[in-house]
J.: 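Please see the structure below; I have some questions.
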Amino acid sequence: MNIKSLRSDHIYQKVAHAAWKKLQTILILKELDFSLNEIADILKLTKQEQKQILKKQRQTLLLRKQRLENIMTALDEYVSGNDISHLPLFNRSSVLPLKEQYAYEARFIYGETEAYKVYHETMENLSSGEKEKRFSAIEEIYKQLASYIHQDPSSDEVQRLIEEWKENLMPFMTCDAELLACIAHTYKFDARFKSYFNQYGSEHFADFFYSAIIQNINR
């Protein structure tokens, strides 16, 4: 074999090895529940940026594991004859990351409807960077709203934040009055959602948020 052939074979092996590593990375990311669009965005990042995203995803998967363990415990108790309303499934004490919380909310509010399919497709088409940007903005709005909890929900400061919240929701779902009323009602009356909002500093935050949304609808 001549030198030219050896060089060509060496280049081919390097290219094949790189392609194999990329394929392995894609398969791993797929197993970690990233969408194909998210995977494409992640592959463009530096190794350090990828590690940061994977650390966050690990925490998300850990909380999901805990959630599944709670579901299995609840299932065992229900099969054993316990009353369904007393099951730990309905006492969700662990706080989900915002990304998980919104996925949970969408399934809860929309159910298996056409609106949920549209929401899911929209989420799939958004880049991971765009989603992170929106989620970070929403989380910051929650923190600011919590600082205004002793103010009137109809005040200009509070309503300005509700408008910002709606603006950041729009890429995920259609924010008409009917949907906003449904979200507000869920936040106020479902203990599973109240447990999420408690992390922002007050057990009354969900009620305050409800009032602020209703005020916004009626403006």
J.: What residues, two or more places apart in sequence or in another chain, satisfy salt bridge (Lys or Arg N to Asp or Glu O under 4.0 Å) together with Glu140?
T.: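 With sequence neighbours excluded, Glu140 shows a salt bridge (Lys or Arg N to Asp or Glu O under 4.0 Å) to no residue whatsoever.
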J.: For residues Asp152 and Val158, report the shortest heavy-atom separation together with the two atoms involved.
T.: O-CG2, 3.8 Å
J.: Among Lys133, Arg134, Glu163, which residue meets the side chain to side chain contact (heavy atoms under 4.5 Å, CB included) test with Asn168?
T.: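 That would be Arg134; it is the only one of Lys133, Arg134, Glu163 passing the side chain to side chain contact (heavy atoms under 4.5 Å, CB included) with Asn168.
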J.: How long is the straight-line distance from NZ of Lys30 back to CG of Leu32, given to the nearest 0.5 Å?
T.: 11.5 Å
J.: Quick one: pull up CD in Glu130 and CZ in Phe135 and give me the separation to the nearest 0.5 Å.
T.: 10.0 Å
J.: Would a distance-only check, ignoring hydrogens and angles, find a side-chain to backbone donor-acceptor pair under 3.5 Å from Ser147 to Gln144?
T.: yes
J.: To the nearest 0.5 Å, how far apart are CG in Leu29 and CG in Leu54?
T.: 6.0 Å
J.: Please name the pair of heavy atoms, one in Ala181 and one in Ile217, separated by the smallest distance, quoted to 0.1 Å.
T.: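 Minimum heavy-atom separation between Ala181 and Ile217: N-CD1, 3.5 Å.
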J.: So, taking the atom named CD1 in Ile213 and the one named CG in Asn218, what distance separates them when rounded to the nearest 0.5 Å?
T.: 12.0 Å
J.: More than 12 foreign heavy atoms under 6.0 Å from CD of Gln151: is that the case here?
T.: yes
J.: Rounded to the nearest 0.5 Å, what separates atom NZ in Lys166 from atom CG in Asp176?
T.: 10.0 Å
J.: Are more than 12 heavy atoms from other residues, nucleotides or ligands located less than 6.0 Å from atom CD of Gln24?
T.: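 It does: Gln24 CD has more than 12 such atoms within range.
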J.: Working to the nearest 0.5 Å, report the span between CZ of Phe197 and OH of Tyr142.
T.: 4.0 Å
J.: Taking NZ, NE, NH1 and NH2 as the nitrogens, is one of them in Lys143 or Glu139 under 4.0 Å from a carboxylate oxygen of the other?
T.: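 Salt bridge absent between Lys143 and Glu139.
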J.: Is there a side-chain contact between Lys44 and Asp41 in this structure, where contact means two heavy atoms from C-beta onward sitting under 4.5 Å apart?
T.: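 Heavy-atom side-chain distance check passes, below 4.5 Å.
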